[in-house]
2 protein chains.
Amino acid sequence: MSTEPPVSTAPTAPTRRTELLGIAAGLFAEKGFKNTTVRDIAEASGILSGSLYHHFDSKESMVDEILSTFQEELFAAYDAVLGSDVDARTKIDRAVRLSFEAIDQHPHEVAIFQNDAGYLGGFERFGYLAERNAQSRGVWVALLTEGVESGALRDDLDIELTYRFIRDTVWVAVKWYRPGGKHSHVEIADQYLTILLDGISTERP
Amino acid sequence: MSTEPPVSTAPTAPTRRTELLGIAAGLFAEKGFKNTTVRDIAEASGILSGSLYHHFDSKESMVDEILSTFQEELFAAYDAVLGSDVDARTKIDRAVRLSFEAIDQHPHEVAIFQNDAGYLGGFERFGYLAERNAQSRGVWVALLTEGVESGALRDDLDIELTYRFIRDTVWVAVKWYRPGGKHSHVEIADQYLTILLDGISTERP
DNA sequence: GTCTATATGGAGATAGAC
DNA sequence: GTCTATCTCCATATAGAC
């Protein structure tokens, strides 16, 4: 993670810095980190590329701040679900809904993570991305294990594979989900949870 | 699609051309198209970058030939499933297995398509990628619709969302599947089909 | 906080010798 | 079929004026 930006206690007044980060996030999400040039970001911001370096050290610093800020928020939410006092099935329901909600509210950040984490993870500076992945796996494996042990979930599940299927389906949705589109993020979560929990067949074997 | 390479009728003797394409495919899959330089490909092939242009017009030509060749094969297989004389549930089973098998046998090609189709699709030359996507959707929507109408699948399914969930889960597996790893592609398909058809819960509502 | 001007490096691609 | 040599463009980033 990078050096901290000025700490904001209040509900984030849109400073020039955050404004520029928002523009950069949109471009990174749309075209990919590598395919977005500093000049692209500057042009979209109505300034010249040199001026961006008054606000940020480098292009990498920008994506770093975008991702680390978002992940801090996301994982706080996961921890709340994991520690909540409800049954396993409800926790899984909440974790799934939380993820689709994150896609709805932070589509750029999720898209950047999905598309560029592999590339960025190759740099030491972004080592925290792999740590966050491991943390996410830990949450899901805990929830699924709890589900099997409590009898809510089938005991013939391969926890590791099940985790991967859920993670993949949920997060890749950022590639096609459009806020304000035909399906709300709540409807998508409803449909996915129905399928995940009970399957698409009319009858069980 | 690009101009055709020399047509091979026999079981593809590994020409220098296909050898180079294989090396390029591995690098594109691993690092992404944009992040792989022509010099990377040349070095991995034991030659210098200029020499590559004796075999190919451009870096784009290489990825074009890699993708179009693969997709031709893949969609022939889908068409065979779609036209086969079995019930809808069996067709879905076969289509899922076919996809995981494609990941097993052509991991580079699938990875390139997953990671770079968005970027490449922006060029006219790669317009066929979008067409193939539409074709894939057509196959799945047909299978799911047939399943609902025959009574094999629940009639409260949103076909469009269900298609997207299946497509995403199946193809993103290329990011973590490793041939010869802990789970075979058949085991992965088994587990996914179990969950997809019957869900992860012990009991239905 | 932005602009002007520019340094520096790396990318794709080409021409012709061997 | 490969190498040598090189062109050209575009990328990130910097220094200092306004």
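Order of the sequence lines sets the chain letters (A, B, ...), proteins ahead of strands, with each chain counted from 1. Just so it is clear, the model here is predicted, and its values are computed rather than measured.
- What separates CG of Asp57(B) from C1' of dT14(C) is a distance of 12 Å, to the nearest Å.
- The NZ-C1' distance, from Lys59(A) to dG9(C), rounds to 15 Å in whole Å.
- Put simply, CZ on Arg39(B) is 9 Å from C1' on dA13(C), counting in whole angstrom units.
- A donor-acceptor contact shorter than 3.5 Å is absent between the side chain of Asp40(B) and the backbone of Thr36(B).
- A cation-pi arrangement is present between Lys59(A) and Phe33(A), with the terminal nitrogen or guanidinium carbon under 6.0 Å from the aromatic centre and inside a 45° cone about the axis.
- Sorted by first then second residue, the salt bridge (Lys or Arg N to Asp or Glu O under 4.0 Å) pairs that include residues 170-191 of chain A, not counting sequence neighbours, are Arg97(A)-Asp190(A).
- Residues Leu20(B) and Ser49(B) each lie close to DNA chain D; by heavy-atom proximity, the contact nearer the 5' end of the strand is made by Leu20(B).
- If you check every strand for non-hydrogen atoms under 4.0 Å, Ile47(A) touches sugar and phosphate atoms only.
- Between His54(B) atom NE2 and dG12(C) atom C1' there is a gap of 19 Å when expressed in whole angstrom units.
- Nearer the 5' end of DNA chain D, as judged by each residue's closest nucleotide, is the contact made by Ser51(B), out of Ser51(B) and Val38(A).
- As rounded to whole Å, 12 Å separates atom C1' of dA11(C) from atom CG of Asn35(B).
- Note that Arg167(B) lies in the cation-pi zone of Tyr163(B), set by a 6.0 Å cut-off to the ring centre and a 45° limit from the axis.
- Side-chain contact annotation: Ser201(B) with Arg154(A), donor-acceptor N/O pair under 3.5 Å absent.
- At distances below 3.5 Å, not a single donor-acceptor pair connects side-chain atoms of Asp104(A) with backbone N or O atoms of Glu101(A).
- Taking a heavy-atom distance under 4.0 Å as the criterion, the stretch of DNA chain D touched by chain B extends 5' to 3' from dG1(D) to dT4(D).
- For His55(B) and dT14(C), the NE2 to C1' distance is 16 Å, given to the nearest whole Å.
- Within a 6.0 Å radius of CD in Glu43(A), no more than 12 heavy atoms belonging to other residues, nucleotides or ligands are found.
- Of the side-chain N and O atoms in Tyr53(B), one or more sit less than 4.0 angstrom from OP1 or OP2 of dA13(C).
- Rounded to an integer number of Å, the gap from NZ of Lys31(B) to P of dG10(C) is 13 Å.
- In this structure, Ser45(B) reaches neither bases nor backbone, as no heavy-atom distance under 4.0 Å exists between it and the strands shown.
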